[in-house]
Number of protein chains: 2
Amino acid sequence: MSHLGPDQTRTKILLAAAAEIHRQGFQAASIAHILADTGLTKGALYHHFPSKQALGLAVVDEVVLIGLEARLLTPLREADEPLDTLLAYMDSRIHVMTDDAFKLGCPLNNLVQEMSLVDDEFKAHLDHILQTWQAVIEHTLIRGQEQHRIRGDVDCNAAALFIVSAWEGCWGMAKNRQSAHTFRLCMTQLQQFVLSLAPRA
Amino acid sequence: MSHLGPDQTRTKILLAAAAEIHRQGFQAASIAHILADTGLTKGALYHHFPSKQALGLAVVDEVVLIGLEARLLTPLREADEPLDTLLAYMDSRIHVMTDDAFKLGCPLNNLVQEMSLVDDEFKAHLDHILQTWQAVIEHTLIRGQEQHRIRGDVDCNAAALFIVSAWEGCWGMAKNRQSAHTFRLCMTQLQQFVLSLAPRA
DNA sequence: AAAGATTCATACCGGTTGGTATCTAGAGAG
DNA sequence: CTCTCTAGATACCAACCGGTATGAATCTTT
């Protein structure tokens with residue numbers, strides 16, 4: 001019977017775990033549920049991952065971080081006009097996303113809120129994501145300053161911190177309201193904040 | 001031996017539950033821990049509260065909401081210059097609070113992130129708090145418009161939504177970084193946002 | 001083809017969870 | 001003094017949790 005090869009089952013478990021964690025949170029995520037979703041058994045899981053914590057950290061590193069890199073960070077780093085790229089990405093988030101996407105909230109934010117004070121390893125991995133995210137935004141703003149699209153007196157470090165924080169805050173509110181409309185309204189205000197950093201016409 | 005009267009034991013349980021939930025989150029909160037903290041037993045708890053969920057909702061209604069009302073909402077409603085009151089409250093948060101206060105994050109935000117999609121009753125009670133909070137901020141901004149301290153073209157509803165969202169986002173980031181410095185930096189940017197709503201000098 | 005290492009399944013474990021049934025002690029009413 | 005109602009204690013339960021030990025295939029190496 002059907003062995004798919006070790007890598008495929010590993011990623012199968014990884015994706016099922018990511019989905020379960022996204023729905024239930026990490027602590028409430030049940031290994032039994034993950035295995036039921038995959039059709040596999042505990043032997044398979046504990047062969048590829050030494051513990052539930054290790055599985056969770058793998059989800060953070062290999063699903064959440066990689067996804068953010070591919071969607072936002074890499075495009076932002078390689079952009080010629082990073083400020084426009086950032087605003088355009090926020091636009092795409094505002095207009096494209098559907099209600100369903102918010103029902104479960106932002107996977108990163110969910111884990112940050114739940115795990116940062118419960119588990120130091122989680123906190124470290126999650127903080128790494130937030131730090132690189134913030135750093136990329138800060139670099140975007142600095143390049144915006146060089147292009148005279150952002151005022152020189154703006155504290156890019158603090159502004160980047162706020163943008164990331166407010167971004168997650170918008171997710172959280174939209175998750176509670178269960179509405180894309182809320183997210184759109186909220187995210188548009190964040191755009192206004194970014195635009196308020198520009199020099200006065 | 002020492003009966004304190006039913007009301008005192010009820011609030012004793014309520015406060016211990018609030019603390020435990022603040023530390024562990026609701027789902028991970030253990031009634032055994034709560035009872036160990038109070039020195040009481042299950043008989044006492046399940047006499048006053050029919051279930052763990054009911055206990056959690058009581059914490060939301062009687063601790064979290066009442067606390068927010070006393071600290072911010074009531075002062076804001078009664079203020080003659082509500083915009084200054086809001087900015088001053090943000091100032092007090094920025095300057096007064098210590099590192100310890102952030103280690104556990106915002107009790108409201110923690111519960112919103114954890115429970116809003118897991119339990120509909122929780123979602124309803126938490127949403128009620130967020131709605132009234134947002135409404136009070138919106139009313140503050142509208143009164144600011146009447147006093148010509150806020151531009152007339154500002155969408156006060158959206159701005160209030162964003163302020164509450166970003167506020168919680170600042171909490172979340174500070175909780176992950178475990179630093180009051182992060183909160184101060186972040187909250188100061190939120191103040192800047194509010195000030196950016198004022199008419200240009 | 002024999003030997004060894006992967007890959008996964010099955011069965012089981014101790015511990016913890018929220019919840020309940022039962023009992024006792026005290027307070028107030030008649 | 002007794003009856004009743006409330007407040008709280010004790011003991012117990014089934015369900016679920018993450019984790020492990022063992023065994024059976026299958027693949028790789030020699």
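Below, read A as the first sequence line, B as the second, and so on, with proteins coming before strands; counting in each chain starts at 1.
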Select one nucleotide: of [options], the one nearest the side-chain heavy atoms of [X].
X	options	result
His48(A)	dT20(D), dC8(C), dG8(D)	dC8(C)
Lys42(A)	dG19(C), dA9(C), dA11(C)	dA11(C)
Ala32(A)	dG19(C), dT20(D), dC17(D)	dC17(D)

Worksheet item: Of Ala28(A) and Pro50(A), whose closest DNA chain D nucleotide lies nearer the 5' terminus?
Response: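 So the residue in question is Ala28(A).
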Measure from [atom1] on [X] to [atom2] on [N] and round the result to the nearest Å.
X	N	atom1	atom2	value
Leu45(A)	dC17(D)	CG	P	14 Å
Leu35(A)	dT10(C)	CG	P	12 Å
Gln8(A)	dT7(C)	CD	P	13 Å
Lys12(B)	dA7(D)	NZ	P	16 Å
Gln24(A)	dC17(D)	CD	C1'	14 Å
Tyr46(B)	dA9(D)	OH	P	15 Å
Ile13(B)	dA7(D)	CD1	P	11 Å
Ile31(A)	dA15(D)	CD1	P	21 Å

Fill in: Glu20(B) bridged to Arg23(B) by N-O distance under 4.0 Å
yes
Counting just side-chain N and O atoms, does [X] come under 4.0 Å of either OP1 or OP2 of [N]?
X	N	answer
His47(A)	dA9(C)	no
Thr9(A)	dT7(C)	no
Thr41(B)	dG8(D)	no

Worksheet item: Is it the case that more than 12 heavy atoms not belonging to Asp100(B) sit under 6.0 Å from its CG atom?
Response: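 Enclosed.
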Discussion item. Does Leu40(A) reach a base, just sugar-phosphate, or nothing at all? Heavy atoms under 4.0 Å.
Written reply: sugar-phosphate
Worksheet item: Heavy-atom distance under 4.5 Å between the side chains of Ile66(A) and Asp61(A), does that happen here?
Response: no
Discussion item. Testing Thr9(A), Ile31(A), Thr38(A), Leu40(A) one by one against Leu45(A) for a side-chain contact (heavy atoms from CB on, under 4.5 Å), which residue passes?
Written reply: Ile31(A)
Item to complete: Please confirm whether Lys175(A) makes a cation-pi placement over Phe183(A), using NZ or CZ under 6.0 Å from the six-membered ring centre and within 45° of the ring normal.
Response: no
